[in-house]
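Written below as structure tokens is the structure these notes are about.
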Number of protein chains: 2
Amino acid sequence: MNIVPAPRPPGRPRSAAVDTAIIETVLRLLEGGASMGELSMERIAREAGVGKATVYRRWPGKEALMLDVMRSLDEPGPAPAGVSLRDDLVTVVEFIRRRALAKRNSAILRAVVGHVQDHPDLWQEYHDTVIQGRRETLLTVLRQGMERGEIRADQDVELIADLFVGPMLARAVLHEWRELPEGLTERIVDTVLEGVRLPG
Amino acid sequence: MNIVPAPRPPGRPRSAAVDTAIIETVLRLLEGGASMGELSMERIAREAGVGKATVYRRWPGKEALMLDVMRSLDEPGPAPAGVSLRDDLVTVVEFIRRRALAKRNSAILRAVVGHVQDHPDLWQEYHDTVIQGRRETLLTVLRQGMERGEIRADQDVELIADLFVGPMLARAVLHEWRELPEGLTERIVDTVLEGVRLPG
DNA sequence: CCGTTTCGATACGGACCCGTCTCGTATCGA
DNA sequence: TCGATACGAGACGGGTCCGTATCGAAACGG
């Protein structure tokens, strides 16, 4: 099996604190309203109180650094209890609301969305790291509901998923100044479940 | 009343063709995947085949130029027939779908969304020019439906509006690679109207 | 024809950034 | 103690961009 015992290389080891300091600085700058294009490696190093070479020693360029910034956002998603469909949906959508409320996350979402075109793999990483897992959870919840006959199965599950997350995302991305008040999640979930039409 | 007969100023008049050529160039570049931060006045002038001074003679800076680019997108919104609530909703949402399909519009939406933080008035202009009118139309349709007792009035009309536009926007902005197929509008409208829950 | 302004082109100084490299110092294993 | 590497700081050449200024040519009114 050629097990390599991970021989510590000679010399002074790299400081893990520096890694996190750099990534944290990028997050702070994005949070403060900077767009990705405005972040220069030079400025990142300066604001992190770090030599430029120290940054380039770790990442070959801005794109690679940003990928690690994305990865640092990974966070365990919610685990729906699986008891009530309605409660599971609330759990998932409420998670989105809380994430969007964190300035950090929505700032980065906007930063990434604004650069989808130029850096496709950046979006891919964000998608895989931040979005995909949650969406899978939601799809699972919906499929369970379909199998139990609690929700209609005559529509694409992806479409139904968008019905639940779309409103919250639209508010977060498009009307970011608008509030995402407590209780919004429940209102969205219940209204989508019950429908808007009156049985008149 | 001191009516000034708009005396033509002396000298060579400005070419209107140059105005549109510059704005069109910006749109073309955005459409081609450039983000706002990557558009330099220098590059815009170069690609438009125009002297830099010619650009600065018209706009004091990039922000002002972008504002006029936004304004050039103004387009009469749909006029719902007012006969059927369902058809009116389809009209409004379908208009969003068609706009999002036009690469030009969604590229600019992303470009603007990505720079909300740094240029708030840019977003304001986009909001007023492109979004506001359509949303008013939608809110009017919904209020009509409420008065007629066709849809529930126990929820905020703004929330209900987001239920209809959110899914389409989420697809356009977040999953821009995903298709917005013909018929998607009707499926969204009908499903939101009827609800997702089965009357089991 | 003449004064005025716009046109494309381009030069200018100043600013920032890129990625590499070199300092002197610090921190590790041997 | 010694070799190796990382550290902050910053110099370096080469690039782009900013906003202004200056060309000669062109397009207008008088």
Side-chain angles (χ1 to χ4, degrees), chain A residues 4-26 28-30 32-69 111 114-115 118-119 122, chain B residues 4-26 28-30 32-69 111 114-115 118-119 122:
Chain A
V4 180
R8 162 88 90 88
R12 176 177 174 176
R14 293 195 186 164
S15 158
V18 169
D19 288 70
T20 67
I22 294 173
I23 289 184
E24 207 59 29
T25 298
V26 174
R28 182 172 54 81
L29 292 175
L30 288 178
S35 81
M36 261 193 52
E38 294 166 342
L39 289 189
S40 60
M41 295 295 263
E42 199 139 357
R43 182 167 164 212
I44 292 170
R46 208 185 319 130
E47 301 248 15
V50 142
K52 266 206 296 181
T54 303
V55 180
Y56 279 104
R57 198 174 291 121
R58 289 164 163 76
W59 298 279
K62 191 159 69 177
E63 176 116 353
L65 168 56
M66 289 301 166
L67 287 177
D68 272 358
V69 172
H115 292 73
D118 2 330
H119 307 287
L122 206 59
Chain B
V4 180
R8 161 89 88 88
R12 175 175 176 176
R14 293 198 185 161
S15 160
V18 168
D19 288 70
T20 65
I22 294 174
I23 289 184
E24 207 61 27
T25 298
V26 174
R28 183 172 53 82
L29 291 176
L30 288 178
S35 81
M36 264 194 48
E38 293 166 342
L39 289 188
S40 59
M41 295 295 262
E42 199 139 357
R43 181 166 164 213
I44 291 170
R46 209 186 317 129
E47 302 247 16
V50 142
K52 262 207 295 181
T54 303
V55 181
Y56 278 104
R57 199 174 292 122
R58 289 164 164 75
W59 298 278
K62 191 160 70 177
E63 176 118 351
L65 169 55
M66 289 301 167
L67 286 177
D68 273 357
V69 172
H115 292 73
D118 0 333
H119 308 285
L122 205 60

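In the text below, chain A, chain B and the rest are named by the order of the sequence lines, each starting its count at 1. Just the heavy atoms: all of them, side chains too, but no hydrogens, waters or symmetry mates, feed the values below.
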| Do the side chain of B:Glu38 and the main chain of B:Ser35 share a donor and acceptor less than 3.5 angstrom apart? | yes
| Rounded distance (Å) that lies between atom P of D:dG15 and atom CD of B:Glu38 | 20 Å
| query | How does DNA chain C read in dot-bracket, base by base from 5' to 3', with Watson-Crick or G-U pairs under 3.5 Å and | used when the partner is on another strand? | reply | ||||||||||||||||||||||||||||||
| Which atoms form the tightest heavy-atom contact between B:Thr25 and B:Glu47, and what is the distance? | CG2-CB, 3.8 Å
What N/O pairs connect the protein and nucleotides 7-13 of chain D at under 3.5 Å? Give each pair on its own line.
| unit_1 | atom_1 | unit_2 | atom_2 | d |
| --- | --- | --- | --- | --- |
| D:dC7 | OP1 | A:Ser15 | N | 3.2 |
| D:dC7 | OP1 | A:Arg58 | NH1 | 3.3 |
| D:dC7 | OP1 | A:Arg58 | NH2 | 2.5 |
| D:dC7 | OP2 | A:Arg57 | NH1 | 2.7 |
| D:dC7 | OP2 | A:Arg58 | NH1 | 2.9 |
| D:dG8 | OP2 | A:Thr54 | OG1 | 2.8 |

| said: Output the rounded distance in Å from CD (B:Glu47) to C1' (D:dT16). | reply: 14 Å
| task | Report the distance from atom CH2 of B:Trp59 to atom P of D:dG19, rounded to the nearest whole Å. | result | 15 Å
| request: Go through A:Arg58 and A:Val18 one step at a time and tell me if the side-chain contact (heavy atoms from CB on, under 4.5 Å) criterion holds. | output: CA-CA 10 Å; A:Arg58 289 164 163 76; A:Val18 169; 3.6 Å; yes
| note | Residues B:Glu42 and B:Lys52: closest non-hydrogen pair is OE1-NZ, 3.6 Å
| Value in whole Å for how far the P atom of C:dC17 lies from CG of A:Leu39 | 10 Å
| Rounded distance (Å) that lies between atom P of C:dG19 and atom CZ of A:Arg43 | 17 Å
| task | May I ask you to test the A:Met41-A:Leu65 pair for a side-chain heavy-atom distance under 4.5 Å? | result | yes
| request: State, to 0.1 Å, how close A:Ala48 and A:Ala21 come at their nearest heavy-atom pair, and which atoms those are. | output: CB-O, 4.4 Å
| field | Toward the 5' end of DNA chain C, by each residue's nearest nucleotide, B:Gly11 or A:Gly11 | value | B:Gly11
| query | What integer distance in Å separates B:Met36:CE from D:dC17:C1'? | reply | 15 Å
| Minimum heavy-atom separation for A:Leu30 to A:Met36, with atom names? | CD2-N, 4.3 Å
| query | Please give, in whole Å, the distance from C:dC18 C1' to A:Leu65 CG? | reply | 15 Å
| message | Please give me the minimum heavy-atom distance between A:Trp59 and A:Asp68, naming the atom from each residue. | response | NE1-OD2, 2.7 Å
| query | How long is the line joining NZ of B:Lys62 and P of D:dC18, in whole Å? | reply | 6 Å
| query | Any idea which of C:dC17, D:dC17, D:dG19 is nearest the B:Tyr56 side chain? | reply | D:dG19
| So, does B:Lys62 use its side chain to make a donor-acceptor pair with the main chain of B:Leu39 at under 3.5 Å? | yes
